[in-house]
**Student:** 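Structure incoming, see below.
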Amino acid sequence: MAYKSRLPRHFYSSENLRLFYLKDAKSQLQISTPKKLFKTAVSRNKIKRIVKEVFRTGNLEPVNGGFLVLVYESFLDLSFKEASFEIVKAVKSHQY
C-alpha cells in the first residue's frame, strides 16, 4: 500500500517559513502556527496578523486555490520589513 501525502510539495522553504500552494483550498490563505513552538496565544496571533498584513498590502491573493504558510520559531526574530520581503519574494517567484 502506497503512502499518500496530505500536503502537496512545498514551493518555498527557508528557516523561517514554508509555503504550499493548494489548488482546491476553501480559503485563500491558511496559516499554521504550532502550539508546540509558540506557547502563548499572543505570539501565535501576532504571527498571523503579520502574515495576513503582508498578503493584504502586497496584493498576493491567488487567482484560484490558496496558500498554506507554515511558520517556524525563527519567524518571530524577523522585523515586519524582513518578513514582508521574504513572503513577497516567495509568492512572486511561484508560477501558479
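Every value quoted in this text rests on a predicted model; they were computed, and no experiment measured them.
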**Student:** Measure the CG-CZ distance between Leu22 and Phe67 for me, rounded to the nearest 0.5 Å.
**Tutor:**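 It is 9.5 Å, given to the nearest 0.5 Å.
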
**Student:** CZ/Arg49 to CD1/Ile31 distance, rounded to the nearest 0.5 angstrom?
**Tutor:**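 If I round to the nearest 0.5 Å, the distance is 11.0 Å.
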
**Student:** Any heavy-atom pair between the side chains of Asn16 and Leu78 that's under 4.5 Å?
**Tutor:**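 The answer is yes, as the side chains (C-beta and beyond) meet within the 4.5 Å cut-off.
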
**Student:** Would you say Glu86 and Tyr12 make side-chain contact, with heavy atoms under 4.5 Å?
**Tutor:**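 The answer is yes; the side chains approach within 4.5 Å.
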
**Student:** Please test Glu53 against Arg56 for salt bridge (Lys or Arg N to Asp or Glu O under 4.0 Å), starting from the C-alpha separation and ending with a verdict.
**Tutor:** CA-CA 5 Å; Glu53 183 66 15; Arg56 187 187 68 76; 2.7 Å; yes

**Student:** What heavy-atom pair brings Ala25 and Gly66 nearest, and what distance separates the two atoms?
**Tutor:**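 Result for this residue pair: CB-N, 3.7 Å.
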
**Student:** Going by heavy atoms in the side chains, are Leu60 and Ile87 under 4.5 Å from each other?
**Tutor:**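 Yes, their side chains come closer than 4.5 Å.
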
**Student:** To the nearest 0.5 Å, tell me how far Ser32 OG sits from Lys48 NZ.
**Tutor:**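 Result: 8.0 Å between the selected atoms.
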
**Student:** Is there a side chain to side chain contact (heavy atoms under 4.5 Å, CB included) between Lys46 and Val42? Walk through the geometry before answering.
**Tutor:** CA-CA 6 Å; Lys46 178 181 178 182; Val42 172; 5.5 Å; no

**Student:** Over all heavy atoms of both residues, which pair between Pro34 and Val71 is shortest? Give the atoms and the distance, please.
**Tutor:**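 Scanning both residues, the minimum pair turns out to be CD-O, 3.7 Å.
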
**Student:** Does the side chain of Leu68 come within less than 4.5 Å of Tyr21's, by heavy atoms?
**Tutor:**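 When only atoms from C-beta onward are counted, Leu68 and Tyr21 do not touch, as no gap falls below 4.5 Å.
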
**Student:** Any side-chain heavy-atom pair from Leu76 and Ser43 closer than 4.5 angstrom?
**Tutor:**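 Side chain of Leu76 against side chain of Ser43, heavy atoms only: contact under 4.5 Å found.
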
**Student:** Take atom CG of Asp24 as the centre, draw a 6.0 Å sphere, and report whether it contains more than 12 heavy atoms from other residues, nucleotides or ligands.
**Tutor:**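 At most 12 heavy atoms, drawn from other residues, nucleotides or ligands, come within 6.0 Å of this atom.
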
**Student:** Taking a hydrophobic cluster as the set of Ile, Leu, Val, Met, Phe, Trp and Tyr residues connected by side-chain heavy atoms closer than 4.5 Å, whether directly or through intermediates, do Phe80 and Val88 fall within one such cluster?
**Tutor:**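 The answer is yes; both residues are in one hydrophobic cluster.
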
**Student:** Are side-chain heavy atoms of Thr33 and Phe75 found at a separation under 4.5 Å?
**Tutor:**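 They are not in contact (no side-chain heavy atoms under 4.5 Å apart), so the answer is no.
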
**Student:** Got a second to check how far Lys52's NZ is from Ile47's CD1, nearest 0.5 Å?
**Tutor:**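 CD1 of Ile47 is found 12.5 Å from NZ of Lys52.
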
**Student:** Is the shortest heavy-atom distance from the side chain of Phe55 to the side chain of Gln28 under 4.5 Å?
**Tutor:**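 The answer is no; the side chains never approach within 4.5 Å.
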
**Student:** Considering non-hydrogen atoms only, spot the tightest contact between Lys39 and Arg44 and give its length.
**Tutor:**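 So the two residues come closest at O-NH1, 3.2 Å.
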
